[in-house]
Protein chains: 2
Amino acid sequence: MMGSKENILKTAVTLFSRQGFDGVSMRKLAKSANMSTAAVYHHFPNKQALYLQAMHFAFAKQQQAFDQVWQADLEADEKLSRFVRCLAEVLTTDVDFRRFMQRELLDADDGRMQLLAKQVFQEQFKQLMAVIEQKSGSQQQAHFSALSVISLVCDIIQMQPLSRHLPGWKKEHEQVDFIACQVLNLLMNGIKSKGSK
Amino acid sequence: MMGSKENILKTAVTLFSRQGFDGVSMRKLAKSANMSTAAVYHHFPNKQALYLQAMHFAFAKQQQAFDQVWQADLEADEKLSRFVRCLAEVLTTDVDFRRFMQRELLDADDGRMQLLAKQVFQEQFKQLMAVIEQKSGSQQQAHFSALSVISLVCDIIQMQPLSRHLPGWKKEHEQVDFIACQVLNLLMNGIKSKGSK
DNA sequence: TCATTTATACCTAACGTTCGTTTGGGTAGA
DNA sequence: TCTACCCAAACGAACGTTAGGTATAAATGA
C-alpha cells in the first residue's frame, strides 16, 4: 500500500519537525515507522542523510501549492491577496512544514540555507517582488517589502502559542481567513486601518 | 572575579540558545565553563533545572531594556517608533536571547509559554496595545495589530540567514536603523509607501 | 590560641542507559 | 540463485547522573 522508504520519510518529517535532529533517535524513528533500526539503515546510509531527505520531502510537498497564485491574468492586488491567503493556509495546515522551516532558520547552516533559497523560495520570492514593484511604483525596497509580507504571516502563526496567553486574545485570531484578511489590511493601510479620524 | 554559578549560566545560555537542549551535553557545557561535570551538578540539581534557569537568565537581561520606551510624556507615534527601534536592537544585538525565544516557540511547552507571557511580555504587550488603540481609534484589533508589529520585527531578523540568498538583498537590510525605519514606514502607510499615486 | 568541626567548591572515576551504526543472518519473489 | 527487504544482537562511544574523595577557609569549642 505504501513504500517503506516513503513511510520512513513521512515519519521522519513528523518527528524531526517536532523534536529536532538531536531529539529523535534512529530507534524511536524505526519504532514509529513499525520496523527495525537496521531496516531504516537499509534505505538510508545514516541519520544525517535521512534528515536531509526528510527536509526535502517536507518542502517539496509545498513547492507547487503556490503555482495557482501567480496566474498571469490577475490584478496585482489579487495576486498579493492570494499569496498571503495561501501562505497562511500552508503554514497553519502543514505544521510539520512550518516547524521544519523554523528549525532550519535556527540552525542557520549556510549550505542548507542556500539550497532552500534556490530550490524552494527563490521563484515565489521573485513573483512576490514583481507584484510589489508593480503596486508601489519603486523597485527600491521590493526585497525588503516582500520579506516583510512573508515575515508577517510566518511569525504571526509561529507566535500563536505565546499570543494565546497575552491580553486581548480571541480564538478567531488563529483562523486562516482572519489572519490573511488582517495582514492584507495592514499591508494596504498600515495600522491606522479604517475608523481613525 | 565572577561567581561560578553565574559563569555556568552564561555559558549555558550561549550553548543552549545555539544548539538546543538535546544538542548540549553536561560534559560539553562543563568543559566550556572550565570545570568538571560534577562541579556543575554541585550548583544545579539536573540538566532540566539548569536549562530553565538559563532561560530565565537570558530573558531577565532584556526585561528592563524597554522601560525607557514607555515614558508617559511621549507622543503615541514616538512611543511606537522607540519600541520598534528597541525591539530591533535587542533582537540583533543579543543573538542568544532571540534564539532562545525562537526555540521556546518551537518547543511550545504550554507551561513555560504561560510563564514567559506573564513574566516577560505581558507588560510590554499591554503598553504596545494601548499605543495602538490610541493611534487607530478602535480597540477592536489592538491585540492582533500589536502582535503584527512584534512579528514583523522578529521574523525579518530571524529570516536574515535565508533572505541573504534571495534576489535583491543588500547588506543595509540587516542594519538595525534600516529595519526599524522600514518597519515603521510599513506600519504607517502600508506597502505602497511614498511615490505611488 | 590552636585543634577541630562544618561548609563550600571542586575533582576523578564510575554507574547504568541510550546513542549511531554494523554484523551476520534470515525470507520472499524474480 | 540473485536481489531486495527485514530482523535480533551486538559494537564502542557518549549520555545524565552519582559516589567518594580532596582542598580551602570560616566557625567553633577548649
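Throughout, protein chains are lettered first and strands after them, A, B, ... in sequence-line order, and every chain is numbered starting at 1. Note: hydrogens, waters and symmetry copies are ignored here, and every other heavy atom, side chains too, is used.
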Rounded to whole angstroms, how far apart are [atom1] on [X] and [atom2] on [N]?
{"X": "A:Q19", "N": "C:dC19", "atom1": "CD", "atom2": "P", "value": "11 Å"}
{"X": "A:K47", "N": "C:dT18", "atom1": "NZ", "atom2": "C1'", "value": "11 Å"}
{"X": "A:L29", "N": "C:dT21", "atom1": "CG", "atom2": "C1'", "value": "14 Å"}
{"X": "A:K31", "N": "D:dA8", "atom1": "NZ", "atom2": "P", "value": "10 Å"}
{"X": "A:M26", "N": "D:dA14", "atom1": "CE", "atom2": "C1'", "value": "17 Å"}
{"X": "A:F44", "N": "D:dA4", "atom1": "CZ", "atom2": "P", "value": "16 Å"}
{"X": "B:N7", "N": "C:dA9", "atom1": "CG", "atom2": "C1'", "value": "14 Å"}

Base, sugar-phosphate or nothing for A:T37? Non-hydrogen atoms, less than 4.0 Å.
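Base: the residue A:T37, judged by heavy atoms under 4.0 Å, touches a nucleobase.
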Regarding B:V24, tell me which of base, sugar-phosphate or nothing describes its non-hydrogen contacts under 4.0 Å with the strands shown.
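The answer is sugar-phosphate, as B:V24 gets under 4.0 Å only of primed atoms, P, OP1 or OP2.
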[X] side-chain proximity, nearest of [options]:
{"X": "B:Y41", "options": "C:dA14, D:dC7, D:dT18", "value": "D:dT18"}
{"X": "A:S36", "options": "D:dA8, C:dT12, D:dT17", "value": "D:dA8"}
{"X": "A:H43", "options": "C:dA9, C:dG20, D:dC6", "value": "D:dC6"}
{"X": "B:S4", "options": "D:dC6, C:dC10, D:dA10", "value": "C:dC10"}
{"X": "B:R27", "options": "C:dA14, D:dA19, C:dT21", "value": "C:dA14"}

Any chance the rings of A:F100 and A:Y51 have centres within less than 6.0 Å?
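Between A:Y51 and A:F100, which both carry aromatic rings, the centre distance is below 6.0 Å.
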Would you say the ring centers of B:H143 and B:F125 fall short of 6.0 Å from each other?
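Yes, the ring centres sit under 6.0 Å apart.
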Judged by modelled atom types alone, do A:R98 and A:Q102 share a side-chain donor-acceptor pair under 3.5 Å?
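Looking only at side-chain atoms, A:Q102 and A:R98 do form a donor-acceptor pair, the distance falling under 3.5 Å.
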Does a donor on one side chain and an acceptor on the other come within less than 3.5 Å for B:E123 and B:W70?
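Judged by distance alone, the side chains do not pair up.
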Hydrophobic cluster of B:L106, others only, ordered by chain and residue number, side-chain cut-off 4.5 Å:
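Joined to B:L106, directly or through intermediates: A:L106.
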Respond yes when some side-chain nitrogen or oxygen of B:H42 is under 4.0 Å from OP1 or OP2 of C:dA9, and no when none is.
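Indeed, a polar side-chain atom of B:H42 lies that close.
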Presence of A:S25 side-chain N/O under 4.0 Å of C:dC19 phosphate oxygens OP1/OP2:
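True: A:S25 side-chain N/O within range (under 4.0 Å) of C:dC19 OP1/OP2.
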Reading DNA chain D from 5' onward, which residue's closest nucleotide shows up sooner: A:M35 or B:K28?
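In this pair, the answer is A:M35.
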